[in-house]
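In what follows, a single structure is set out as structure tokens and then discussed.
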Amino acid sequence: MKNIAAASLGSSGRLSADENEDEELSKLAIASFQAREEEIERKKMEVKEKVESQLSRAEEETRRLAHVWEELEVMTDPMRKEVGAVRKRIDIVNRDLKSLGLACQKKEKEYKEVLESFNEKNKEKAQLTTTLLELVKESEKMRMEKLEKLNKIIASIR
């Protein structure tokens, strides 16, 4: 712009009237543009502030609604947490009871099998004891008979 102004300087060093008008129009156009830019920036800031304000209000309302929701849930069933905890414990105990019941049935089955085996061995022992007693009686009888024979032999020798 200075080059244009310097090229159009007359012999007296002054700008011509047309050039002055052009320069003033340029300055006015620039000033107008800057004013519009400032106005746009100001409006942009106003909109930004309004949006931030509405976001803050929305966040506050969200917190209030969450609090109201919690209060409604408490009013619905004030013992809900305790009931839930007891139900969980009942479920856990039921699972434990099932596993213990199965273990008990298994142990009862094992007990019956072992008892049956024990009774069989007891019967076998009784039979063997009876057999042993019979063998011992027979052995004593045979020994007595031999002793009597020997006594007769000794008595006949005398």
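Since the structure is predicted, the reported quantities are computational estimates derived from the model, not experimental observations. Throughout, numbering of the chain's residues begins at 1 and tracks the sequence.
- The closest donor-acceptor contact from the side chain of Ser56 to the backbone of Glu52 lies under 3.5 Å.
- Taking both residues in full, the closest heavy atoms of Asp96 and Ser99 are given as O-OG, 2.9 Å, listed atom of the first, atom of the second, then distance.
- For the atom pair Asn20 CG and Lys27 NZ, the distance stands at 8.5 Å (nearest 0.5 Å).
- Counting non-hydrogen atoms of neighbouring residues, nucleotides and ligands closer than 6.0 angstrom, the CZ atom of Arg89 reaches no more than 12 such neighbours.
- Taken from NZ in Lys146 to CE in Met142, the straight-line distance is 6.5 Å, to the nearest 0.5 Å.
- A donor-acceptor pair shorter than 3.5 Å cannot be found between the side chains of Ser139 and Arg143.
- The backbone N or O of Ala58 sits less than 3.5 Å from a side-chain atom of Thr62, completing a donor-acceptor pair.
- Atom-to-atom distance recorded for Ser32:OG and Leu25:CG is 11.5 Å, nearest 0.5 angstrom.
- Interatomic distance, NZ of Lys44 versus CD1 of Ile40, reported as 9.5 Å (0.5 Å rounding).
- Note that CD of Glu134 is 10.0 Å distant from CG of Leu132, once rounded to the nearest 0.5 Å.
- Taking CE of Met45 as the reference point, atom NZ of Lys43 lies at 15.0 Å (rounded to 0.5 Å).
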Might you work through the salt bridge (charged side-chain N to carboxylate O under 4.0 Å, His left out) test for Glu60 and Arg63, ending with a clear yes or no?
CA-CA 5 Å; Glu60 180 62 31; Arg63 283 192 292 273; 2.8 Å; yes
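- Salt bridge annotation for Glu61-Arg64: present, with a cationic side-chain nitrogen under 4.0 angstrom from a carboxylate oxygen.
- Applying the side chain to side chain donor-acceptor pair (under 3.5 Å) test to pairs two or more places apart or on separate chains, none has a residue in residues 104-117.
- Using a 4.0 Å cut-off between charged side-chain N and carboxylate O, Glu46 and Lys50 make no salt bridge.
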Intermediate values then yes/no, side-chain contact (heavy atoms from CB on, under 4.5 Å), Arg95 and Lys98
CA-CA 5 Å; Arg95 272 187 254 129; Lys98 285 180 183 177; 5.6 Å; no
